[in-house]
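Working notes for the structure below.
Keep in mind that this is a model prediction, so the values were computed, not measured.
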Amino acid sequence: MKTGIEEDGSASELLRDRFRLSTISIAEAEANRSGMEISEPVMTCVADLAFKYTTEQLAKDLELFVQHAGRKSVNTEDVILSAHRNEHLSAILTSICNDLKTKEPQSERKRKKAPKKEDRDRGAVHIIDA
């Protein structure tokens, strides 16, 4: 019988392996599209670097953004914000997000609630004429 730690370890390994295979598949497709060849060691290195970046940097950044916003889950704006150092990537993510929003049926979109009167009054500055 496996302990919880062993199950977590095997789940992490499975996730890492799937991530690695997906990354290699994407790299191969992009190389073929560009008419380039990428060696196996280079693809493996890229996959490992992408996984390391995702688990060590991106996940921590997203967690901090969510905590700062007082939410419990990551949204698309958090992901776009995490790419702020790379203008090209940020533009691509914004474009993808906008495409997804336009394809989403109106009834399934979340509607923002109008602020309560109390909340509006808190942000307002009242000037009294003397």
Ion pair present between E63 and K72, side-chain N to carboxylate O less than 4.0 angstrom?
no

Enumerate the residue pairs fulfilling salt bridge (charged side-chain N to carboxylate O under 4.0 Å, His left out) with a member in residues 42-59, sequence neighbours excluded, ordered by first and then second residue.
R20-D48

Find the distance between [atom1] ([X]) and [atom2] ([Y]) and round it off to the nearest 0.5 Å.
{"X": "C45", "Y": "I38", "atom1": "SG", "atom2": "CD1", "answer": "11.5 Å"}
{"X": "E30", "Y": "I26", "atom1": "CD", "atom2": "CD1", "answer": "8.5 Å"}
{"X": "L58", "Y": "L62", "atom1": "CG", "atom2": "CG", "answer": "4.5 Å"}
{"X": "I24", "Y": "E40", "atom1": "CD1", "atom2": "CD", "answer": "6.5 Å"}
{"X": "D17", "Y": "F51", "atom1": "CG", "atom2": "CZ", "answer": "8.5 Å"}

Would you say that more than 12 heavy atoms from the other residues, nucleotides or ligands in this model lie under 6.0 Å from the CD of E37, or not?
no

Same cluster or not: are L81 and L64 linked, directly or through other Ile, Leu, Val, Met, Phe, Trp or Tyr residues, by side-chain heavy atoms under 4.5 angstrom apart?
no

Can F19 be reached from V46 by stepping across I, L, V, M, F, W or Y side chains whose heavy atoms are under 4.5 Å apart?
no

Where is the tightest heavy-atom contact between C97 and I80, given as atom of each residue plus distance?
CB-CD1, 4.0 Å

Residue pair E77, R71: steps toward the salt bridge (charged side-chain N to carboxylate O under 4.0 Å, His left out) verdict
CA-CA 13 Å; E77 287 79 20; R71 291 183 272 109; over 6 Å; no

Decide side-chain contact (heavy atoms from CB on, under 4.5 Å) for D78 and S82; before the verdict, give the C-alpha distance in whole Å, the side-chain angles of both, and the deciding distance to 0.1 Å.
CA-CA 6 Å; D78 297 326; S82 70; over 6 Å; no

Do Q57 and D61 meet the criterion of a side-chain donor-acceptor pair at a distance under 3.5 Å?
yes

Please check this pair: side chain of [X] against backbone of [Y], looking for a donor-acceptor N/O pair closer than 3.5 Å.
{"X": "S25", "Y": "L21", "result": "no"}
{"X": "T94", "Y": "S90", "result": "yes"}
{"X": "T102", "Y": "D99", "result": "yes"}

Side chains of V74 and F65 in contact at under 4.5 Å (non-hydrogen atoms):
no

What's the verdict on side-chain contact (heavy atoms from CB on, under 4.5 Å) for V42 and S39, showing C-alpha distance, side-chain angles and the deciding distance?
CA-CA 5 Å; V42 170; S39 68; 3.2 Å; yes

